[in-house]
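Here is the structure we will look at.
Just so we're clear, the structure is a prediction, and the values are computed from it rather than from any experiment. Atoms within a ligand are numbered from 1 in the order they appear, just like the ligands themselves. Every heavy atom of this structure was used, including side-chain atoms; hydrogens, water molecules and symmetry mates were not.
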Amino acid sequence: MSSRQQVHPQKERVRIQVPATTANLGPGFDTLGMALELFNIVELQAMPSGVQIEVEGEGAASIPRSESNIVLRVIRKVWQKAGVTPAGLHLRLINHIPVARGLGSSAAALVGGAVAANEMYGNPLTDQEILEIVTEFEGHPDNVAPALFGGIVVSAMVHGEGNNEVISRKIPPPYGMRAVVAIPNFHLSTKQARSVLPTAVPYKDAVFNVSRISMLIMALVHNDWELLAKVMDDRLHQPYRQELIPGMQDVFASAQQAGAFAAVLSGAGPTLIAFARENTEDIAAAMQAAFGRHGVQCQTMDLKPCPVGAEPINPYQPI
Ligand SMILES: Nc1ncnc2c1ncn2[C@@H]1O[C@H](COP(=O)(O)OP(=O)(O)OP(=O)(O)O)[C@@H](O)[C@H]1O
Ligand SMILES: N[C@@H](CCO)C(=O)O
């Protein structure tokens, strides 16, 4: 440890609530994401020595308690950049976001860890610096940006000379929007779901997506549900990933027949997400039945968009 590092944190214990996120929203591959009202909690406490990691809830059986844990790794990165570090730490992860299902569990872990590490020392890093650190870990900004800022966020990585800037702009979620998610009972890592993508796509498919993402942003900004229903479609990733998710097209069609405006792959999948203003129970039942016809068990949730991103909550309230 460098002698210049500040050992004593401003707060001995911090607790951060961080939302799940759905990335892509159809055509916005690696660009668009939305925060959802389903939360993980990251609690970080300074200790006189050592490292202890506790994991509860989703992923408790598989998430590492060692130096390879991504929350610990991002915490160390934030402290290194800020030139601070406590002597030891206790990390408690209370997870409600299913792991490797397309609901941004890795983004929530990274953002929760980074915001907790920063908060403990009185926020020496800016939100922009936090965004750039977590994007570097995640590889793309579409989940981490809404996990950090809430709402719907459009983001882009701009590669300049000697720097990689991440640009992000927030859009408030359309009034009354509900997101019905059907979460299959199998895992699909982002790595695996990216491995089936081609290295190049036909020119007409690229044009298809350019037009859809442009129109989708107009639809979201203007609360235009009819437009959203027409343009929430994709040719860059969904067609290649459908082989990994039995019944995907049938679930999309069933959700729309039950009243959803549109249904798409959530992030890298396997969760499928339908957007609606009403009939959410019917939509959830239709999606579950459609998955069932293809031999896939799933759980459904009716979620609201989350207008706020990662934020500190009372660390001394019992949970
Ligand atoms: N709370 C957590 N603490 C530590 N590591 C986690 C946590 N949640 C997820 N991870 C790590 O992230 C991996 C899952 O990330 P992955 O990108 O494959 O899926 P996802 O983030 O759930 O889905 P998507 O990116 O499509 O929304 C897990 O295997 C685990 O290594
Ligand atoms: N944009 C990413 C989201 C999952 O991390 C993908 O679809 O692979």
Working for salt bridge (charged side-chain N to carboxylate O under 4.0 Å, His left out), residues Asp234 and Arg241: CA-CA 11 Å; Asp234 164 79; Arg241 288 171 163 171; over 6 Å; no
Atom pair OH/CD of Tyr121 and Gln10 - distance to nearest 0.5 Å: 10.0 Å
Exam field: side chain Gln238 to backbone Val264, donor-acceptor pair closer than 3.5 Å: no
Side chain to side chain donor-acceptor pair (under 3.5 Å) contacts in which one or both residues fall within residues 92-118, not counting sequence neighbours: Asn40-Asn95, Glu56-Arg92, Arg101-His187, Ser106-Glu138, Asn118-Asn123
Set of residues satisfying side chain to side chain donor-acceptor pair (under 3.5 Å) with respect to Arg293, sequence neighbours excluded: Asp250, Ser254
Heavy atoms from other residues, nucleotides or ligands near NZ of Lys81 exceed 12 (cutoff 6.0 Å): no
Residues Glu278, Arg178: salt bridge by 4.0 Å N-O rule: no
Under-4.0 Å salt bridge between Lys11 and Glu119: yes
Atom-level proximity to ligand 1, residues with heavy atom under 4.0 Å: Ile63, Asn69, Ile70, Val71, Leu93, Asn95, Val99, Ala100, Arg101, Gly102, Leu103, Gly104, Ser105, Ser106, Ala109, Asn143, Ser189, Thr190, Ala268
Between ligand 2 and the protein, tabulate every N or O atom pair separated by less than 3.5 Å, reporting distance only.
from: ligand 2; atom 1: 1 (N); to: Asn24; atom 2: OD1; distance (Å): 3.0
from: ligand 2; atom 1: 1 (N); to: Asp30; atom 2: OD1; distance (Å): 2.5
from: ligand 2; atom 1: 1 (N); to: Asp142; atom 2: OD2; distance (Å): 2.6
from: ligand 2; atom 1: 5 (O); to: Asn143; atom 2: OD1; distance (Å): 3.4
from: ligand 2; atom 1: 7 (O); to: Asn24; atom 2: ND2; distance (Å): 2.9
from: ligand 2; atom 1: 7 (O); to: Arg241; atom 2: NH1; distance (Å): 2.8
from: ligand 2; atom 1: 7 (O); to: Arg241; atom 2: NH2; distance (Å): 3.4
from: ligand 2; atom 1: 8 (O); to: Arg194; atom 2: NH1; distance (Å): 2.7
from: ligand 2; atom 1: 8 (O); to: Arg241; atom 2: NH2; distance (Å): 2.8

Check against side-chain hydrogen bond (donor to acceptor under 3.5 Å, both in side chains), Gln242 and Gln249: CA-CA 8 Å; Gln242 67 181 351; Gln249 293 300 343; 3.0 Å; yes
